[in-house]
J.: 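The structure is given below, and queries will be raised subsequently.
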Amino acid sequence: MNRIQFKRMYLWDRLCCFLTDHRYSIAREAGPKTMHQIWKYALGVILVMFLWFFVGYFFTIQYLGLTHRSAIVGGAIMAGVVWFIERMIIHTHIEKIVSAISIFRVMLALLMSVIGSVILDQMMFKADIQQVRQKYIELQIQELIPDRMRLINEHIQQLYLQRQQIDSQIQVVTEEVRKHPTIQLPNYTQTVVRDSAGRIVQRAHTAQFTAQTNPEVNRIPLLYQLRAQVDSSISALESRKQNVADQIREELEHTHGLLTEINAFFYFLSGRNSLPALLIWVMMFVVFVLIELLVLSIKLFDRHTYNMYDELMNWNEQYKRKGLAVPDSFNEPALHPQK
């Protein structure tokens, strides 16, 4: 083995130990079988991280509407989350196949597999799903029209009541102005009588009444203007009733929620001539589940080469507790091939 191959192998071993949270020095001492076991764990972790990165990336773009840079960050966060989960599974002692952590991982795998397979199939059958989505939107429109019409009619009834109140006020004010077109307003004046010394000896107040236009006249144009605004709102709502289907359609077409997309997708799978798409989705779902459960499967069904690492790890911990020096075999190896 030349220097380049040895260095590549060394870097690969270190990467595998890092991904699986194993100490490289102890794993190297445990022998090739243990290192091969770590390789299998690491490959499983890499596959699951790539899967979650894919799901997080396209989920961020398609459903959150963020940019590609933000989608990369979202995919990296998802990959980091699954990395911590898989490391926890690798280093958890599982005595039974049916355990709490196994059930949790299976449920998480099913959830992510559904989302991932739906997103992938939506990319593959984008044009077909778009056509079926229009049919699904039409069904939603027929379901939403009665409720939308009821709300509009209630609003119109409220405006009609408001218009009646305004008409009543106009009638009252008009009648008041007709009966009293003018009103008498007093104008008070004061006269003062003083003596020779300039002292006030008498005060006199006089009032002169003048006729002025009744100020209620000014309210009539304002009331008519307010009634015109109410009539305009009623006309607008009546027009909305004629175009309520188009408005709902526009709202739904600009909605890209996850539940809407999933409902449209399964509506597509349940339609006619959709058997090939259904088979492809089932295959993709199974592939996603198998990849998701790869690390857990290795943990449950291939544990016989893992005991040597545990024994060396316990031995190393005993050395530390006793205050002894760790053997040189646990030190980092040199980057040179042995002759």
J.: Under 4.5 Å between side-chain heavy atoms, counting indirect links through other Ile/Leu/Val/Met/Phe/Trp/Tyr residues: same cluster for V286 and V114 or not?
T.: yes
J.: Ignoring hydrogens, what is the shortest heavy-atom contact between L293 and A109? Give both atom names and the distance.
T.: CD2-CB, 3.6 Å
J.: Quick check against the 3.5 Å criterion: does S232 have a side-chain atom that pairs as donor or acceptor with the backbone of A228?
T.: no
J.: I want to check something: taking the side chain as every heavy atom from C-beta on, are F53 and V82 in contact at a cut-off of under 4.5 Å?
T.: no
J.: Which pairs pass salt bridge (charged side-chain N to carboxylate O under 4.0 Å, His left out) with one or both residues in residues 76-88, sequence neighbours excluded?
T.: D21-R87, E86-R105
J.: Listed by chain and number, what are the side-chain hydrogen bond (donor to acceptor under 3.5 Å, both in side chains) partners of Q229, not counting sequence neighbours?
T.: none
J.: Would V177 and V172 show up in the same hydrophobic cluster when neighbours are defined by side-chain heavy atoms closer than 4.5 Å?
T.: no
J.: What distance separates H155 NE2 from K241 NZ, expressed to the nearest 0.5 Å?
T.: 13.0 Å
J.: Looking at residues at least two apart in the chain, or sitting in another chain, which of them share a side chain to side chain contact (heavy atoms under 4.5 Å, CB included) with Q162?
T.: L159, I166, V230
J.: As an exercise, state the distance from CD of Q169 to CG of L222, rounded to the nearest 0.5 Å.
T.: 11.0 Å
J.: Got a sec, which residues hit side chain to side chain contact (heavy atoms under 4.5 Å, CB included) with F18, two or more places apart in sequence or on another chain?
T.: W83
J.: Assess the pair F50 and F54: is the distance between their ring centroids shorter than 6.0 Å?
T.: no
J.: Who are the side chain to side chain contact (heavy atoms under 4.5 Å, CB included) partners of T174, not counting sequence neighbours?
T.: I170, I220
J.: Over all heavy atoms of both residues, which pair between L108 and I85 is shortest? Give the atoms and the distance, please.
T.: CD2-CD1, 3.6 Å
J.: With rounding to the nearest 0.5 Å, note down the distance linking OH in Y160 to CG in L237.
T.: 10.0 Å
J.: I'd like to know if L111 and V106 are part of one continuous hydrophobic network [Ile/Leu/Val/Met/Phe/Trp/Tyr, side-chain heavy atoms within less than 4.5 Å].
T.: yes
J.: Check salt bridge (charged side-chain N to carboxylate O under 4.0 Å, His left out) between E216 and all other residues, then give those that pass, not counting sequence neighbours.
T.: R219
J.: Does the side chain of Y41 come within less than 4.5 Å of Q37's, by heavy atoms?
T.: yes
J.: Report the distance from atom CD of Q247 to atom CZ of R240, rounding to the nearest 0.5 Å.
T.: 5.0 Å
J.: Going from CZ on F288 to CE on M283, what distance comes out if it is rounded to the nearest 0.5 angstrom?
T.: 13.0 Å
J.: Taking all non-hydrogen atoms of both residues, which atom of V45 and which atom of L19 are closest, and how far apart?
T.: CG1-O, 4.5 Å
J.: Apply side chain to side chain contact (heavy atoms under 4.5 Å, CB included) to Q164 and list each qualifying residue two or more places apart in sequence or on a separate chain.
T.: L161
J.: Kindly work out whether a path of hydrophobic side-chain contacts (I/L/V/M/F/W/Y, heavy atoms less than 4.5 Å apart) joins L151 to I234.
T.: no
J.: Show me the donor-acceptor pairs within less than 3.5 Å that the side chains of residues 68-81 make with the rest of the protein, sequence neighbours left out.
T.:
residue: H68; atom: ND1; partner: Y57; partner atom: OH; Å: 2.7
residue: S70; atom: OG; partner: T67; partner atom: OG1; Å: 3.2

J.: Say you draw a straight line from CG of L47 to CG of L290; how long is it, rounded to the nearest 0.5 Å?
T.: 11.5 Å
J.: Name all residues meeting the side-chain hydrogen bond (donor to acceptor under 3.5 Å, both in side chains) criterion together with E175; count only those two or more places apart in sequence or in a different chain, and write none if there are none.
T.: R178
J.: Just to verify, what does T20 make a side-chain hydrogen bond (donor to acceptor under 3.5 Å, both in side chains) with, not counting sequence neighbours?
T.: H22
J.: Tell me, yes or no, whether the heavy-atom count around E238 atom CD, taken from other residues, nucleotides or ligands under 6.0 Å, exceeds 12.
T.: yes
J.: Determine which pairs satisfy salt bridge (charged side-chain N to carboxylate O under 4.0 Å, His left out) with at least one residue from residues 162-172, sequence neighbours left out, and list them in order.
T.: R163-D167, R163-D231, D167-R227
J.: What residues form a side-chain hydrogen bond (donor to acceptor under 3.5 Å, both in side chains) with W39, not counting sequence neighbours?
T.: D13
